[in-house]
Amino acid sequence: MTDGQTDLLDDLLWRGLIAHSTDLGALREALDAGPVTFYVGFDPTAPSLHHGHLVQVLTARRLQRAGHRPIALVGGSTGLIGDPKPNAERVLNPPEVVAGWVEGIRAQIEPFLGFEGENAAVMVNNLDWTAPMSAIDFLRDVGQHFRVNKMITKDAVAARLHSEQGISYTEFSYQLLQGLDFLELHRRYGCTLQFGGSDQWGNLTAGLDLIHRAEGASVHAFATPLLTKADGTKFGKTEGGALWLDPGLTSPYAFYQFWVNTDDRDVVTFLKVLSSRSREEIESLAAAVETRPAAREAQRALADELTELLHGAQERDRVVAASQALFGRGSLAELDAATLAASLAELPRVTVALGGTAPTVVELLAETGLSPSRSAARRAVAEGGAYLNNERVTDEQATVGEQDLLAGRWMVLRRGKRQLAAVEAVGG
RNA sequence: GGCAGGUUGCCCGAGUGGCCAAUGGGAGCGGACUGUAAAUCCGUCGGCUUAGCCUUCGAAGGUUCGAAUCCUUCACCUGCCA
């Protein structure tokens, strides 16, 4: 236990991590009174967690570091139902698929929390208490405490009720399940605080109400803000799709690059929410954004920290070095072979034999995935957005050969300003 | 169960027999300007062995020289009635 629990709440507020909450005064008292057992849940709706979950995982980490006891819940049951999204019904995933995702997500959360010591984290799966429950028990013991009148006023549900598509009973019931989770964790572990994304606020309060009715106890909840971008586009999109935490889905290099490319207007907000740096450090970085924006110090700090946290210091060093080499001022031909090889190792790569028919640049763009199809690759060349070893390629028929090799075996292919891939020549 | 309306490219949304690979907007992508940023402007935005060809407008079948557009059946969605 560190001292100054008041500081924790003030810190969360300063960082903008509390978008909604129950009585903050009461929460402050509880946090001051000693270690609080809290929970945050993650539904397995994909094989990996993504950028959006980072806020939750890191907030749990903050609370634990301040001496509180985390319960990380993976939604083996809620993942089978799906919480209502405002615009569309979810596709139900097969149970065995969801079960596989539960394991993957559990493993992704573990490195962020400590499972030893006085306030060791606990990992739970809500399927453990939901699966054994009969439909009758569920309706009598849980359903009895919920008023439909109130259920239909929750934002996501209300939006769907007014949509053409409507809402299935399955998704409508979701809030009961999440409410039950909080109740169950309250009974089993004395859990008195739940937090989640602001889109979860309705589900968070469902749990509060249920505990109040079933146990007569008052517990706490807060919602973290949804991260948005100043330009209005969706946060968390990379060239390859979502920003996944799984290195197999989003490489450490791509993960690092995502944060380096953060908009100036957003970077301080993101630092507050995601970084464990102190208020002083963040304010100094904010000043740097004002005075020397081109240096991108804040972006680099954010990218460095998150990449190290997720992928380790070694990997962080590798992607930082690769980024410097590939985006540096010097020409690629001047890089020494070792640096070049190490940098290119971070990029998507294809191998090619130069012996027979010379491959065209268009073919290589498509093969490396820089362009989704040959048509798109031709377009890239036509638009002047294709580069071989940093030289623009203007001929759609252009081929590559021995003369293009760097350090005897590499070629660097680029589409646009920052999409890179390595081509390795073999055999011959 | 009955009746009515709907299902178009990543999203929204035009198109009601040939001029449709399909108007427009958004997102995306590329270029210029920059700082691997934003804003702005310009271009692009199904695929391929690209002056051409192939596959798309919920699914299958049919009418026609010719269909996203007409007909039949099916599936799904929405509303009203029962």
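Chain letters run A, B, ... following the sequence lines, proteins first, then strands; residues in each count from 1. Excluded from the calculations below are hydrogen atoms, water molecules and symmetry mates; all remaining heavy atoms, backbone and side chain alike, are included. Being a predicted model, the structure only gives us computed values, none of them experimental.
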[N] - base-pair partner by Watson-Crick or wobble geometry, distances under 3.5 Å:
N	value
B/A75	B/U7
B/C80	B/G2
B/C19	none
B/G30	B/C42
B/A51	none
B/C57	none

Review point. Please give, in whole Å, the distance from B/U50 C1' to A/R379 CZ?
Key: 12 Å
Check your understanding: Under 3.5 Å, is there an N or O donor on one side and an acceptor on the other linking the side chain of A/E383 and the base of B/G31?
Key -> no
Point to revise | Among B/G30, B/U50, B/G31, the one nearest A/R378 by side-chain distance | key: B/U50
Study note, to complete from the structure: A/R374 has its side chain closest, among B/G47, B/C48, B/G31, to B/C48
Practice item. Write down the distance separating the P atoms in B/C19 and B/C53, rounded off to the nearest Å. Key: 14 Å
Check your understanding: Are A/H20 and A/F222 an aromatic pair by the rule of ring centers under 6.0 Å?
Key -> no
Exercise for review: Could you tell me which residues satisfy side chain to side chain contact (heavy atoms under 4.5 Å, CB included) with A/A295, sequence neighbours excluded, listed by chain and number?
Suggested key: A/R292, A/E297
Check your understanding: Would you call A/R106 and A/E110 a salt bridge, taking side-chain N to carboxylate O under 4.0 Å as the test?
Key -> no
Practice item. Spell out protein contact along nucleotides 35-42 of chain B as letters: B when the base is contacted, S when just the sugar-phosphate is, - when no protein heavy atom is under 4.0 Å; keep the 5' to 3' order. Key: BBBSS---
Exercise for review: In sequence, state the C-alpha distance, the side-chain angles, and the governing distance for A/D209 and A/R213, and then conclude on salt bridge (charged side-chain N to carboxylate O under 4.0 Å, His left out).
Suggested key: CA-CA 6 Å; A/D209 289 346; A/R213 283 165 181 267; over 6 Å; no
Check your understanding: If you find the nucleotide of RNA chain B closest to A/A380 and the one closest to A/S375, which residue's nucleotide is nearer the 5' end?
Key -> A/A380
Point to revise | side-chain hydrogen bond (donor to acceptor under 3.5 Å, both in side chains) evaluation trace for A/T339 with A/D336 | key: CA-CA 6 Å; A/T339 305; A/D336 64 90; 2.7 Å; yes
Exercise for review: With sequence neighbours excluded, give me every salt bridge (charged side-chain N to carboxylate O under 4.0 Å, His left out) pair touching residues 298-326 of chain A.
Suggested key: A/R277-A/E305, A/E308-A/R316, A/E315-A/R318, A/R318-A/E346
